[in-house]
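One structure is given here, and the rest of the page talks about it.
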2 protein chains.
Amino acid sequence: MTPQPGSAGDVLTLISAGSATTRSDLARLTGLARSTISQRVDALIERGLVEETENGESTGGRPPRQLRLHTEDHAFAGVDLGATHCRVALMDISGNVLAECEDSMLIGEGPEKVLAHVDQRLDRLLGTAGRPRSALRAIGIGVPGPVEFATGRPNNPPIMPGWNDYPVPDYFDGVEVLVDNDVNVMALGEHRNSFADAGHLLFVKVGTGIGCGIVAQGRLHRGAQGSAGDIGHIRVSGHEDAGCRCGNSACLEAVAGGAAIARRLTELGLAAETGADVVALVQAGNTQALRLVREAGRLIGEVLASLVNFFNPEVIVIGGALSRVHEHLLAGIRETVYRRSLPLATHHLSITPSRTGINAAVLGAGMLAIEHYLSPDNINRIVNA
Amino acid sequence: MTPQPGSAGDVLTLISAGSATTRSDLARLTGLARSTISQRVDALIERGLVEETENGESTGGRPPRQLRLHTEDHAFAGVDLGATHCRVALMDISGNVLAECEDSMLIGEGPEKVLAHVDQRLDRLLGTAGRPRSALRAIGIGVPGPVEFATGRPNNPPIMPGWNDYPVPDYFDGVEVLVDNDVNVMALGEHRNSFADAGHLLFVKVGTGIGCGIVAQGRLHRGAQGSAGDIGHIRVSGHEDAGCRCGNSACLEAVAGGAAIARRLTELGLAAETGADVVALVQAGNTQALRLVREAGRLIGEVLASLVNFFNPEVIVIGGALSRVHEHLLAGIRETVYRRSLPLATHHLSITPSRTGINAAVLGAGMLAIEHYLSPDNINRIVNA
DNA sequence: GTAACTTCCGCCGAAGATCGAACAAAGCCT
DNA sequence: AGGCTTTGTTCGATCTTCGGCGGAAGTTAC
């Protein structure tokens with residue numbers, strides 16, 4: 001059932017969201033008596049979930065004791081698995097990064113090897129942060145492919161050989177594990193860290209391919225089969241000749257993705273294989289590369305213009321490898337969206353580069369873990385145990 | 001705050017959703033003691049919200065007393081305002097239509113005249129249904145244009161002269177009034193009446209123009225400015241010559257809407273002005289009209305293919321005037337969507353004509369009113385008053 | 001037909017949760 | 001220093017919920 005209002009979990013949610021920092025705040029917000037709130041807070045302190053800090057500002061009377069999430073004793077991990085990299089961040093309960101690391105890693109080596117790698121990194125990070133393994137409460141993992149979120153099993157991922165239907169959470173003992181598509185966790189990370197008050201947000205990742213994470217009413221929209229946001233294979237007009245690995249032609253990804261731009265640069269006699277090569281060329285001032293990136297922006301903008309009309313978001317965030325040259329990409333996107341979408345939808349729309357940048361995925365994966373752990377239901381379970 | 005679990009409102013929700021029809025069911029579902037449930041139910045019966053009916057089937061012991069929403073004493077209205085018509089339905093608390101009516105009416109005559117018309121129809125319907133005016137608890141209204149849902153004020157509607165920013169709810173005294181875009185209420189009506197267990201649904205209305213209502217996680221998605229679902233002005237490829245009333249060209253509506261098809265038929269020397277004329281020609285077996293409708297289906301399908309990749313719905317419902325010839329429209333839509341969308345997204349996707357048909361809007365508007373009235377918060381307010 | 005069994009429902013005392021008043025604590029203001 | 005204001009705690013009163021008991025109303029077995 002839905003959580004009890006004013007329950008311990010509810011109280012903790014208000015504290016973690018920053019809506020309330022004192023007992024009086026909580027009493028006002030929940031409508032419960034001060035004595036009841038004290039009781040709840042005591043229970044949360046006893047369980048090590050909340051701590052009191054030095055007194056706050058007096059407003060003419062006794063200064064209130066500040067409350068905040070107890071950052072010791074608990075740890076959470078965000079894991080960002082890419083085709084060729086692995087980033088892990090250890091966070092405390094309020095989302096601050098305690099330690100992080102990054103290395104090259106090939107996801108194609110299969111789940112056992114990759115997860116062993118992650119596990120080892122986790123141990124090391126726990127060591128540097130000085131927390132025991134038992135402090136780790138939940139792990140969020142973003143992977144480069146579709147996932148059945150409820151079970152944490154990848155669902156026919158094209159670039160993750162050996163991972164199909166592999167039960168990722170089972171690999172870790174005694175910890176809750178949440179697995180989601182990388183673009184989804186990036187959207188979550190960006191929303192929670194930079195646009196927490198926006199109700200509806202799109203995170204567009206422009207890298208080798210193109211994908212999109214959707215936040216609707218503050219929550220991730222995954223769709224019926226968990227495949228929502230797969231905008232890389234939306235058709236764009238006037239590029240019927242561009243074949244895509246999905247079998248169709250004129251897919252957005254096949255004409256505006258990093259790999260596609262690199263291919264076209266190669267045709268022009270420039271050495272480029274990946275999105276990173278494209279970025280390097282643009283940063284070196286190559287006009288051909290710059291032109292193609294801007295053109296890609298216009299094509300992405302054409303698709304986004306449709307999605308703006310349809311979804312009417314408040315914010316569109318552009319991330320991924322190519323957002324490193326976001327001035328050029330954004331110019332093309334903005335130009336097209338503002339020309340092709342309805343004024344009512346674009347009037348209060350902002351289109352910005354990612355603020356969390358390269359960390360969007362680890363942060364989002366960590367938030368996924370933390371929010372799961374802090375959900376009122378889970379907290380009530382812990383407190384009443 | 002969130003409603004109390006197992007509160008009177010919660011209990012009523014379970015009854016109204018049909019999840020529970022006896023006190024024992026409620027006890028099982030809520031986890032509350034049987035005695036507590038009895039107390040809740042008594043309160044609801046006392047307030048006239050629930051009634052007991054004759055005994056149900058015994059399962060080996062004493063047969064349970066059936067519970068259901070008390071259909072007397074309350075009434076709700078759904079109002080469907082179109083450019084040239086007005087439909088009103090009076091419903092009881094469980095959504096059954098008690099009486100309905102339909103007449104021609106020009107929305108351009110302005111809010112005072114139109115709402116007076118609605119008010120008069122309401123009185124007449126209340127009379128035939130034998131209920132006093134005081135029984136009317138809430139009214140839902142669907143209008144052909146954008147609305148700021150929170151305030152019930154139309155927001156620069158193109159085909160509703162005189163309505164801009166008019167506070168529709170203020171016109172009615174002592175009744176709660178909810179105003180929303182017509183496509184949104186149609187989506188709601190179709191979802192609640194035919195696809196209640198689908199989480200994500202799109203309702204596409206193909207009439208003079210083209211619009212879309214979005215149900216995400218069982219709730220209407222209205223977007224940041226309430227303009228979500230405005231797919232009529234999404235660009236379709238290969239029709240740059242087709243100018244649209246919005247100022248852009250190649251808008252979906254400008255090439256596949258009823259008005260656009262009629263215009264092209266006129267160019268071919270056939271008498272057609274509206275979507276209804278197109279339908280008549282198709283039904284008369286005119287091959288030109290049939291070809292154009294099928295072609296329109298393909299164009300709509302092209303846009304929907306994008307939206308399927310992006311949103312990953314479970315169901316797409318096709319409604320509106322042109323859905324009367326849905327065999328032809330759907331053929332084009334299905335063909336394109338299944339070819340252009342990703343297999344993972346289309347595998348469990350069903351694309352069907354509207355089952356509620358012409359009544360989608362009134363039913364949806366009524367559901368909007370009923371659901372507002374039956375929301376746990378509102379019921380708790382009533383019971384605790 | 002009757003006895004045993006099952007399920008449903010209301011009653012009531014016990015246990016638990018919440019409230020609010022009273023009081024103590026801690027700083028501000030004059 | 002003494003009053004004022006706001007915060008936090010203690011504690012008895014009140015309200016809510018629980019769960020056992022018994023009566024009601026059927027079904028099943030014999």
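In what follows, chains carry the letters A, B, and so on, assigned in the order in which the sequence lines appear, proteins first and then strands, with residues in each chain numbered from 1.
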Checklist entry - Atom CZ of A:Arg40 to atom C1' of C:dC19: distance rounded to whole Å? => result 12 Å
Item to check | Integer-rounded Å distance: C:dC9 C1' and B:Leu67 CG | outcome: 12 Å
Checklist entry - Touch check for A:Ser35, heavy atoms < 4.0 angstrom, all strands: base, sugar-phosphate only, or nothing? => result base
Checklist outcome for this item: note: B:Asp25, atom CG; C:dT7, atom C1'; distance rounded to Å ~ 12 Å
Checklist entry - Does the side chain of A:Asn384 pick up a donor-acceptor pair with the side chain of A:Asn380 at under 3.5 Å? => result no
Checklist outcome for this item: From CG of B:Leu26 across to P of D:dT17 the rounded distance in Å is 14 Å
Next on the checklist: Whether the side chain of B:Arg62 and the base of C:dT7 hold a donor-acceptor pair under 3.5 Å is what I'd like checked.
Outcome noted: no
Checklist entry - Will you find, in the side chains of A:Gln66 and A:Thr53, an N or O donor that is under 3.5 Å from an N or O acceptor? => result no
Item to check | 5' priority, DNA chain D, between B:Pro63 and A:Pro64 [closest heavy atom] | outcome: A:Pro64
Item to check | Minimum-distance pair of heavy atoms, taken over all atoms of A:Leu29 and A:Ser19 | outcome: CD1-O, 3.5 Å
Next on the checklist: Using a 4.0 Å cut-off on heavy atoms, which residues in residues 41-49 of chain B reach DNA chain D? List them by number, or say none.
Outcome noted: none
Checklist entry - Between B:Thr59 and C:dT7, is there a side-chain N or O to OP1/OP2 distance below 4.0 Å? => result no
Item to check | Interatomic distance where CZ belongs to B:Arg28 and C1' belongs to C:dC8 [whole Å] | outcome: 11 Å
Item to check | Quiz item: A:Arg34 side-chain donor-acceptor pair to D:dG8 base, under 3.5 Å | outcome: yes
Next on the checklist: Pairing donors with acceptors under 3.5 angstrom, does anything connect the side chains of B:Glu176 and B:His372?
Outcome noted: yes
Next on the checklist: Strictly below 4.0 Å: does B:Ser38 bring a side-chain N or O up to OP1 or OP2 of C:dC9?
Outcome noted: no
Checklist entry - Does a side-chain N or O from A:Thr36 land closer than 4.0 Å to OP1 or OP2 of C:dC19, or not? => result yes
Checklist entry - To the nearest Å, how far apart are A:Ile37 CD1 and D:dT10 P? => result 16 Å
Checklist entry - Between the side chains of A:Ser94 and A:Asp92, is a donor N or O closer than 3.5 angstrom to an acceptor N or O? => result yes
Item to check | Any side-chain donor near an acceptor of the partner, A:Gln217 and A:His200, under 3.5 Å | outcome: no
Next on the checklist: Testing the basics here: between B:Val185 and B:Leu368, what is the closest heavy-atom pair and its distance to 0.1 Å?
Outcome noted: CG1-CD2, 4.1 Å
Checklist entry - Atom CZ of B:Arg23 to atom P of C:dC11: distance rounded to whole Å? => result 11 Å
Checklist entry - Where each residue is assigned the nucleotide of DNA chain C containing its nearest heavy atom, which of A:Ala33 and B:Glu52 is assigned the position nearer the 5′ end? => result B:Glu52
